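First the structure, in the form of structure tokens, and then the observations on it.
Chain A is the first sequence line, chain B the second, and so forth, proteins listed ahead of strands; every chain is numbered from 1. Remember, predicted model here, so these are calculated numbers, not experimental data.
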Amino acid sequence: MPKKYWLMKSEPNEFSFDDLKLEPDSRAHWDGVRNYQARNFMRNEMKKGDLVLFYHSNCDPPGVVGIAEVAKEAYPDHTAWDPKDKHFDPKTTKDNPVWFMVEVKWKKAFKRFVSLHELKETRELKDMKVVQRGQRLSVQPVTRKEFDKVCKMGSK
DNA sequence: GCCAACGTTGGC
DNA sequence: GCCAACGTTGGC
């Protein structure tokens, strides 16, 4: 099974790429996803070793800051069962978890931040979901070509 | 802070 | 099963 490529969004004031680096072993579970499409990508398709463009959203400016790697495949997101958690979902139980998360590991910071603005101006990246108007999916697949192109932009 | 776009909910 | 109302996302 060939490696897949992803883009994952995080709000840097909630959890930034640097925060990930500072976690023990530079890895963390990606809790709080409450969107079925994003869940399906994580639960059904993300494999250990897949590479992730780490994207900072809802900040100025938004864009890709570096690369992470899937360190553990999907398992139930326990924060959905915690009434005190921001992402508590009373519909879910341990027998019927509904929401899942993966673990990601910090891999490499870009030499240079690649802004959303730049992504939008790059012809080869015009089909990326993140540049589409109104696209809100927080976990999205990217093609290998797109992944490589963004990395290239971030490495010089 | 605004608001367009989107996903979800719930009445019918 | 439709769709209006609502809440959220996230760029600007």
Side-chain angles (χ1 to χ4, degrees), chain A residues 4-23 28-46 50-70 74-104 106-143 145-155:
Chain A
K4 288 185 179 165
Y5 301 89
W6 307 94
L7 179 145
M8 294 172 92
K9 296 180 185 174
S10 187
E11 304 194 8
N13 52 357
E14 298 282 334
F15 188 76
S16 73
F17 193 50
D18 285 338
D19 292 335
L20 176 60
K21 190 178 186 182
L22 293 173
E23 290 286 317
H29 56 258
W30 203 264
D31 64 80
V33 171
R34 297 291 180 268
N35 169 283
Y36 287 102
Q37 233 186 319
R39 178 207 67 181
N40 290 345
F41 283 132
M42 287 200 295
R43 189 188 59 181
N44 306 345
E45 296 193 43
M46 270 194 181
D50 284 0
L51 296 178
V52 176
L53 296 172
F54 199 107
Y55 179 90
H56 278 172
S57 67
N58 206 6
C59 58
D60 190 21
V64 180
V65 287
I67 300 165
E69 157 174 28
V70 176
Y75 59 107
D77 179 346
H78 56 80
T79 66
W81 310 324
D82 178 0
K84 289 190 287 298
D85 194 273
K86 185 179 168 188
H87 301 288
F88 174 59
D89 182 349
K91 294 192 301 294
T92 73
T93 62
K94 289 188 183 184
D95 294 331
N96 180 29
V98 183
W99 302 116
F100 287 76
M101 59 189 178
V102 296
E103 274 183 22
V104 299
W106 190 96
K107 192 172 172 72
K108 188 171 156 218
F110 279 174
K111 274 192 187 139
R112 203 177 59 77
F113 171 75
V114 179
S115 69
L116 175 62
H117 179 75
E118 265 182 277
L119 297 178
K120 284 183 172 171
E121 286 193 327
T122 305
R123 238 166 181 278
E124 300 99 297
L125 302 178
K126 66 174 172 47
D127 294 326
M128 277 183 87
K129 292 202 194 324
V130 74
V131 307
Q132 310 301 319
R133 180 181 166 77
Q135 178 54 250
R136 308 190 320 194
L137 200 56
S138 64
V139 175
Q140 38 182 271
V142 302
T143 66
K145 274 188 181 167
E146 289 162 350
F147 183 87
D148 288 346
K149 178 66 184 172
V150 176
C151 288
K152 213 173 181 179
M153 292 163 72
S155 68

Residue of the set F100(A), F54(A), W6(A), Y75(A) for which ring-ring contact (aromatic ring centres under 6.0 Å, His included) holds with W30(A): F54(A)

Considering all heavy atoms, the nearest P141(A)-K129(A) contact: CD-CE, 4.1 Å

Criterion side chain to side chain contact (heavy atoms under 4.5 Å, CB included) on D127(A) and E146(A), from CA distance to verdict: CA-CA 9 Å; D127(A) 294 326; E146(A) 289 162 350; 4.1 Å; yes

Close residues, residues 50-66 of chain A, relative to DNA chain B [heavy-atom separation under 4.0 Å]: none

Positional range of nucleotides in DNA chain C within the contact set of chain A, heavy-atom, under 4.0 Å: dG7(C) to dC12(C)

Shortest non-hydrogen contact from V150(A) toward L125(A): CG2-CD1, 3.8 Å

Contact summary for A28(A) and E23(A), nearest pair of heavy atoms: CB-CG, 4.0 Å

Salt bridge present between E14(A) and K86(A) (N-O < 4.0 angstrom): yes

Side chain to side chain donor-acceptor pair (under 3.5 Å) involving D89(A) - partner list, sequence neighbours excluded: K91(A), W99(A)

Residue pair G154(A) / F110(A): nearest heavy atoms and the distance that separates them: O-CB, 3.5 Å

Near-strand residues of residues 127-139 of chain A, defined as heavy-atom separation under 4.0 angstrom from DNA chain B: R133(A), G134(A), R136(A)

Salt bridge (charged side-chain N to carboxylate O under 4.0 Å, His left out) partners of K94(A), counting only residues at least two apart: none

Considering all heavy atoms, the nearest F113(A)-P61(A) contact: CZ-O, 3.3 Å

Bend angle of the helix from dG1(B)-dC12(C) to dC12(B)-dG1(C), end axes from five pairs each (to 10°): 10°

Heavy-atom pair with the smallest gap, counting every atom of P76(A) and M101(A): O-CE, 3.7 Å

Rounded distance [0.5 Å steps], CE in M153(A) versus CG in D148(A): 13.0 Å

